[in-house]
Amino acid sequence: MSIFRYLTAGESHGPQLSAIIEGLPSGTHLSAGMLNCDLARRQQGYGRGDRMKIEKDTAQLLSGVRWGESIGAPVTIVVKNRDWENWSEKMSPLSEHRDDSTAVTRPRPGHADLSGVLKYHLNDVRNVLERSSARETAVRVAVGGVAKALLAEFGIRVGGFVTELGGVCAATPQEPLEILWQRAAASEMFCCDLSAEIDMKRVIDAAQSGGDTLGGVVEVQVTGVPPGLGSYVQWDRKLDARLAMALMSVQAIKGVEVGIGFEAARRPGSRVHDEIFYKDGYHRNSNNAGGIEGGMSNGEPIVVRAAMKPIPTLYSPLRSVDMITHEPFEATVERSDTCAVPAALVVAEAVVAIEIANALLEKFGGDSVFEIRRNLEGYREQIRNA
Ligand code: EPS
């Protein structure tokens with residue numbers, strides 16, 4: 001069972017997004033400012049729509065933190081929607097504001113719209129799209145920021161970059177991850193390859209003028225992870241399985257790879273498996289496994305990739321059917337982005353951080369940073385001479 005658990009609530013155009021985190025140990029240094037830098041990163045990236053001009057996402061920490069440190073109690077986080085003031089009647093919880101004439105009835109192919117109204121017996125697609133919107137990822141990024149803060153207490157860092165966008169592939173230079181993270185942070189596409197970045201912007205411009213949208217691939221890495229997080233003994237304890245679930249839970253993600261992923265299926269074993277060496281401890285000269293063998297971390301950096309499909313709202317809409325008349329119509333056009341792949345990187349980092357935090361707490365106990373540090377140091381000592 002998860003130790004670091006969270007739930008989110010809130011609609012895209014409701015008053016706010018909220019999250020409650022259970023299981024954050026005491027003694028984690030935490031401030032809203034630490035969460036706000038990732039919230040600002042999530043709003044960036046070439047190809048975003050007008051909503052990002054309205055919002056300036058910031059987190060409020062409303063419980064579980066005192067004088068800059070967690071106290072072991074549930075943490076409540078709120079991210080306000082600035083756009084709420086434009087929607088307060090349309091999204092009002094009060095019955096006297098009901099106006100069925102504004103109902104959205106032409107579901108967008110690729111979105112949750114059609115299956116959502118069927119499943120929940122609704123007659124307005126808005127009741128689905130408000131919650132299924134990727135706006136929810138704003139508060140998930142804040143939860144991920146809390147997980148990152150916890151991991152930082154133990155020297156574990158999470159970062160990443162965009163590796164592909166709209167069919168443009170970026171090269172990954174052979175440099176330390178920390179350098180690549182810095183390079184990606186300075187790029188408008190969160191990409192380490194400047195010439196690919198130029199091409200990415202070009203394909204976004206072309207998609208935008210054609211009323212189309214683009215997806216891509218993001219890669220997340222985690223450094224400083226001790227070996228032995230997760231387990232091989234049971235299916236739901238495998239670290240790679242849990243990371244895959246976390247990544248697949250992010251809106252618009254359609255595929256996940258660990259290490260070289262699908263490429264491993266094309267190579268012989270001699271060119272896949274990372275040979276084992278020993279010099280003052282075990283180490284590898286390659287990391288095709290992406291830091292996970294047998295469902296457990298192996299001490300190498302964790303490397304995972306997620307593929308994001310193009311956003312389903314197209315300004316040149318696809319064919320759909322009106323849900324009242326069943327006549328063919330073009331899908332509803334909601335304000336949207338041409339491309340949100342850089343934002344998806346920040347969300348992917350967040351959900352990966354949450355899973356690694358969870359696995360860390362399972363292995364090393366969970367009540368205080370002090371206790372976890374003691375357990376982790378003891379374990380590192382124990383395996384040093386193994
Ligand atoms: C998003 C907010 C949304 C969209 C986007 C992500 O704002 P609005 O719907 O008001 O334009 O820009 O959501 C989607 C593309 C989607 O399909 O759900 C955000 O905050 O990231």
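Just so you know, these numbers use all the heavy atoms, side chains as well, and skip hydrogens, waters and symmetry mates. First listed ligand is number 1; within each ligand, the first listed atom is number 1.
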Atom CD of E96 with >12 non-hydrogen neighbours under 6.0 angstrom: yes

For ligand 1, is there an N or O atom under 3.5 Å from any N or O atom of S132? no

Run the numbers for me: atoms of ligand 1, each under 4.0 Å from some heavy atom of H111, listed by number. 16 (C), 17 (O), 18 (O)

Note: E153-R373 ion pair, threshold 4.0 Å (strictly below): yes

L7 atom CG, over 12 foreign heavy atoms within 6.0 Å: no

Is it the case that more than 12 heavy atoms not belonging to M245 sit under 6.0 Å from its CE atom? no

Between ligand 1 and T137, is the shortest N or O to N or O distance under 3.5 Å? no

Charged N to carboxylate O below 4.0 Å: is that the case for R305 and E219? yes

Against heavy atoms of S336, which atoms of ligand 1 measure under 4.0 Å? 15 (C)

Taking the cut-offs as 6.0 angstrom to the six-membered ring centre and 45 degrees off its axis, would you call K238 and Y232 a cation-pi pair? no

F277 and Y282 aromatic centres sub-6.0 Å: no

Contact partition for R335 relative to ligand 1, non-hydrogen atoms under 4.0 Å: both

For the side chain of T213 and the backbone of L314, is there at least one donor-acceptor N/O pair under 3.5 Å apart? no

I need the nearest protein heavy-atom contact for atom 13 (O) of ligand 1: residue, atom name and distance, please. S133 OG, 3.6 Å

Would you kindly specify which portion of E55 sits under 4.0 Å from ligand 1, judged on non-hydrogen atoms: side chain, backbone, both or neither? neither

Any atoms of ligand 1 less than 4.0 Å from a non-hydrogen atom of D337? List them with their elements. 4 (C), 5 (C), 6 (C), 12 (O), 15 (C)

Measuring from non-hydrogen atoms of Q43 to any atom of ligand 1, is the shortest distance under 4.0 Å? no

Decide whether an N or O pair under 3.5 Å exists between A134 and ligand 1. yes

Considering R51, E130, R42, which one's heavy-atom position lies nearest to atom 19 (C) of ligand 1? R42

Hey, does D83 come in under 3.5 Å of ligand 1, counting only N/O atoms on both sides? no

Would you mind telling me if ligand 1 is within reach of the side chain of Q251, the backbone, both or neither, using heavy atoms under 4.0 Å? neither

Under 4.0 Å to a heavy atom of R48 - the qualifying atoms of ligand 1, by number: 6 (C), 19 (C), 21 (O)

If you measure only the distance, is there a donor-acceptor pair under 3.5 Å linking the side chains of T58 and N36? no

Where ligand 1 meets H13 - atom numbers and elements under 4.0 angstrom, heavy-atom basis: 8 (P), 9 (O), 10 (O)

Kindly check if the number of other-residue, nucleotide or ligand heavy atoms within 6.0 Å of CZ (F262) is above 12? no

